[in-house]
Amino acid sequence: MKGSETKKESEKIYRERLEHYHDELKWLYMELYDNTSMFAELCDHLTSFYEERNKDLKKQDLEREQQPDWYKQNDMLGMMFYIDNFAGNMQGVEERLGYLEKNNVNYIHLMPFLDTPEGRSDGGYAVSDFRKVQKKLGTMKDLESLTAACHKKHMNVCMDFVMNHTSEDHEWAKKARKGDGEYMSRYFFYDNYTVPEMYERTVPQVFPTTAPGNFTWLPDAGHYVMTSFYPYQWDLNYRNPRVFNEMMYNFLYLANRGIDIIRIDAVPYIWKELGTQCRNLKQVHTIVRMMRIICEIVCPGVLLLGEVVMEPEKVVPYFGTVEKPECHMLYNVTTMATTWHTVATRDVSLLKKQLDIVNSLPKQYVFLNYLRCHDDIGWGLDYASLRSAGMEERSHKQYLNNYFQGYEGDSNSRGELYNADPVTGDARFCGTTASMCGVEKAGFEQDEEAMEKAIGLDVMLHAYMFMQSGIPVLYSGDEIGQVNDYTYKEDPNKAEDSRYIHRGAMKWDRVEAIQDKDSVEGRIFRRLNQLENIRKSEKAFVCEADTWTIDTWDSSVLCIGRYYGGEKIIGIFNFSEYDKTAWINETDGDYKDMISGQKMKACGVNIPAYGFYYLKREKEKEE
């Protein structure tokens, strides 16, 4: 009887969710597709996927529904990594969860692990089967085992959902290539160049150097196919409701494997329309809103993370509205790039301006903050502001790329360019946090003084990132100061892609060195660990805290304030290799440095080269 009652209660919960969202979902679907039979099919499948969802995930859904801000707390800390680089395969990751706990990590982003063709995978973003794990990484059962083990340790698992395109090896693409009209309609096929040429007039190129144009000619098929990214990645046609439905079924299948956070890859690109840039069109927001509704109906414990590479104020539409939300979280890409610009110029003015913009946004908007990730750094900065300071776009991009290669500006950085275009002078940069901070150079030269400065810069940047509004995410290896890995040049499948310089395998022999407090790994790990523990123990670090910048009257020093529930913390960060003074004047009480425990006044603070302070206002003693 108990099982029957539980089933009835579960059905009741689902029915209430469906009834709550049904009309809006139908209105949006019909607006886009005007197809009642396909909508009915979608609803039938939603019910099936809910029924298939296991009891533990349903229980977690209910708990998260009752605490909708569960992911906005100050204990949230992410780490992203490639499964093979980190631990060989999924079983290896499960065995390494204890190490992740040591890093205070409770949110792991597993880089693309679905089946892809060897040598034509774009780092895993050319998916040939959305329901199969790459053989070398494991199986779907291994994924379910890993997510269940993570949940027992209160860890969340994130994965990439590549919905803009499939690999040319996907079963749909293979049938389309053979001339099957049903499957050709799931992509953008044209038997002559007339329509592709019309698209090319308005649609920018993603990789103008390595993959020019937005279409690829298929001699065996006698057609052009749209390929916004690489020729082996065929853009899906979301004008076709069959594409939307089938991709949502894949989405829910993966959610039911225990995934907590689904990163929607290249989300601005998913709707194509002639005469436009095929970016950020209104139909994209209709699709993302429908995805959010589908989550709320079937798996409300799952979060949507949007990959939208634009300035913070321009990505805001992807959060939707309070009444009709879309993504739960977005990346703070521009601030990341501006952070490295600040390192190279020792001038915080542009960074301060951008942080002020983020801080002025509604607190329900959650950004993911990071220093480095799997991808290159594109210098998409606010050049209108920089121009007023005498920095022209082309020459400044050249300076940044020269600086981080170690050629200019008294730089200690090391790294390589990606997609360098000799005509436009544009290029992107690749390198690990530690190498960009000088750890690689200092180690090679065995210069202890330089190493201490490099470690100081590395830790200061993490301390600053933890003070930003949102959730911090570490890139695997950064916690031990892992440097660039040049062995990718020896692999013919990777040699042409310099992004693999910061995609090296985890050096587990170096992890053992964290026990040595004098080693580079130990010095970085312990100092980051201290920051992580401070962050998760202080309520002023919650996402909804008031956050603002404070003038320091020194162009190299950034100051950030945080306030929540009567507690106030001030972070002061020196982006210069010289000692500086932060001319702040916070006279609202006594402060204590949370790192050293030293009592200080928050006025005219002397801050060492690449140093920082976390100053917490002390509570007044009760009479």
Side-chain angles (χ1 to χ4, degrees), residues 45 48-61 64 71 78-101 105-118 121-163 166-167 169-171 246-265 291 294-295 298-305 307 374 473 476 505-506:
H45 277 71
S48 296
F49 279 107
Y50 175 77
E51 289 171 350
E52 291 168 11
R53 195 161 172 80
N54 73 46
K55 67 179 189 318
D56 290 335
L57 294 178
K58 287 180 179 177
K59 180 184 176 186
Q60 182 173 271
D61 289 337
R64 291 177 174 180
Y71 61 98
M79 180 179 282
M80 60 189 304
F81 53 80
Y82 286 92
I83 293 168
D84 52 348
N85 284 347
F86 183 73
N89 55 32
M90 288 183 175
Q91 290 180 357
V93 174
E94 190 170 336
E95 291 165 6
R96 298 285 190 183
L97 293 183
Y99 173 74
L100 293 170
E101 283 184 303
V105 167
N106 58 2
Y107 155 28
I108 60 172
H109 179 175
L110 305 175
M111 296 303 293
F113 55 76
L114 296 177
D115 204 28
T116 56
E118 186 69 29
S121 73
D122 186 26
Y125 290 94
V127 179
S128 54
D129 191 334
F130 287 91
R131 302 195 184 193
K132 184 180 178 184
V133 172
Q134 293 172 38
K135 192 173 182 180
K136 66 180 182 180
L137 301 180
T139 65
M140 279 294 170
K141 282 190 175 180
D142 292 332
L143 176 62
E144 288 186 86
S145 175
L146 173 57
T147 58
C150 285
H151 292 158
K152 285 178 182 175
K153 291 181 176 290
H154 304 289
M155 288 184 182
N156 304 284
V157 182
C158 173
M159 72 166 290
D160 294 85
F161 184 60
V162 186
M163 64 182 293
T166 73
S167 161
D169 284 30
H170 191 279
E171 62 172 340
E246 294 293 338
M247 290 303 285
M248 289 307 98
Y249 305 155
N250 288 330
F251 175 91
L252 291 172
Y253 173 84
L254 293 165
N256 278 358
R257 307 282 76 75
I259 300 298
D260 303 279
I261 301 160
I262 295 184
R263 174 188 178 274
I264 315 172
D265 181 65
M291 291 177 73
I294 287 168
C295 274
V298 179
C299 48
V302 173
L303 304 179
L304 295 181
L305 167 60
E307 188 222 8
H374 71 290
V473 180
S476 175
M506 184 72 178

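All residue numbers refer to positions in the sequence shown, counting from 1.
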**Report entry** Over all atoms of both residues, closest heavy-atom pair of Phe251 and Leu304
**Finding:** CZ-CD2, 3.6 Å
Query raised in the report: With a 4.5 Å limit on heavy-atom distance, are the side chains of Ile264 and Met291 in contact?
Result: yes
**Report entry** Side-chain heavy-atom pair Asp142, Glu94 within 4.5 angstrom cut-off
**Finding:** no
Requested in this report: Can you measure from CE (Met80) to CZ (Arg263) and round to the nearest 0.5 angstrom?
Outcome: 7.0 Å
Requested in this report: Give a yes or no on whether the backbone of Gly98 and the side-chain of Lys153 come within a donor-acceptor separation of less than 3.5 Å.
Outcome: no
Report task. Compute both the distance and the angle, then confirm whether Arg257 meets the cation-pi test with Tyr253: under 6.0 Å from the six-membered ring centre, within 45 degrees of the axis. Result -> yes
Query - Exam field: side chain Asp260 to backbone Val157, donor-acceptor pair closer than 3.5 Å - result: yes
Report summary line: Heavy-atom closest pair (Leu137 atom, Gly88 atom, distance to 0.1 Å) is CD2-O, 3.8 Å
**Report entry** Ser167 versus Ala126, closest heavy-atom pair with distance
**Finding:** CB-O, 3.4 Å
Query - With sequence neighbours excluded, residues passing side chain to side chain donor-acceptor pair (under 3.5 Å) with Lys132 - result: none
Requested in this report: Check whether any side-chain N or O of Asn250 sits under 3.5 Å from a backbone N or O of Met247 as a donor-acceptor pair, and report yes or no.
Outcome: no
Report task. Compare all side-chain heavy atoms of Asn85 with those of Ser476 and state whether any distance is below 4.5 angstrom. Result -> no
Query raised in the report: When rounded to the nearest 0.5 angstrom, what distance separates CG in Asn54 from CD in Glu51?
Result: 14.0 Å
Query raised in the report: Do Leu114 and Met159 have side chains that get closer than 4.5 Å, going by heavy atoms?
Result: yes
Query raised in the report: Taking side chain as C-beta onward, heavy atoms only, is Leu254 less than 4.5 Å from Met140?
Result: yes
Query - Trace of the side-chain contact (heavy atoms from CB on, under 4.5 Å) decision for Leu252 with Cys299 - result: CA-CA 8 Å; Leu252 291 172; Cys299 48; 4.0 Å; yes
Report summary line: Residues at least two apart in sequence or cross-chain that pass ring-ring contact (aromatic ring centres under 6.0 Å, His included) with Phe130, listed by chain then number, are Phe161, His170
Report summary line: Note: Ile259 and Val302 closest approach over all heavy atoms is O-CG2, 3.5 Å
Report summary line: Heavy-atom closest pair (Arg64 atom, Gly301 atom, distance to 0.1 Å) is NH1-O, 2.9 Å
**Report entry** Glu307 vs Asp160, side-chain contact (heavy atoms from CB on, under 4.5 Å): CA-CA, chis, key distance, verdict
**Finding:** CA-CA 10 Å; Glu307 188 222 8; Asp160 294 85; over 6 Å; no
Requested in this report: Check each of Tyr82, Phe81, Tyr99 against Met506 using the side chain to side chain contact (heavy atoms under 4.5 Å, CB included) test, and report the only one that passes.
Outcome: Tyr99
Query raised in the report: Should Thr116 and Gln134 count as side-chain neighbours, where that means a heavy-atom distance under 4.5 Å?
Result: yes
Query - Check: Phe49 main-chain N/O paired with Asn256 side-chain donor or acceptor under 3.5 Å - result: yes
Query raised in the report: Going from NZ on Lys136 to CD1 on Ile83, what distance comes out if it is rounded to the nearest 0.5 angstrom?
Result: 10.0 Å
Query raised in the report: Looking only at heavy atoms, what is the nearest atom pair of Leu97 and Cys150, with distance?
Result: CD2-SG, 3.8 Å
Query raised in the report: Is a donor on one side and an acceptor on the other found under 3.5 Å between the side chain of Thr147 and the backbone of Glu144?
Result: yes
Query - side-chain contact (heavy atoms from CB on, under 4.5 Å) assessment of Leu143 paired with Met90 - result: CA-CA 7 Å; Leu143 176 62; Met90 288 183 175; 3.8 Å; yes
Report task. For residues Met248 and Met163, determine if any side-chain heavy atom of one lies less than 4.5 Å from a side-chain heavy atom of the other. Result -> yes
Query raised in the report: Is there side-chain contact between Leu146 and Leu110, with heavy atoms separated by less than 4.5 Å?
Result: yes
Query raised in the report: Backbone N or O of Gln91 within a donor-acceptor pair of the Asn89 side chain at under 3.5 Å?
Result: yes
Report task. Please assess Met111 against Tyr125 for the test side-chain contact (heavy atoms from CB on, under 4.5 Å), listing each intermediate value before the final yes or no. Result -> CA-CA 9 Å; Met111 296 303 293; Tyr125 290 94; 3.4 Å; yes
Query - Spacing of Glu171 atom CD and Thr166 atom OG1 [to the nearest 0.5 Å] - result: 10.0 Å
Query - Value rounded to 0.5 Å, distance of CE in Met79 from CE in Met155 - result: 9.5 Å
Query raised in the report: In Å, rounded to the nearest 0.5 Å, how long is the span from CG of Leu100 to CG of Asn106?
Result: 10.5 Å
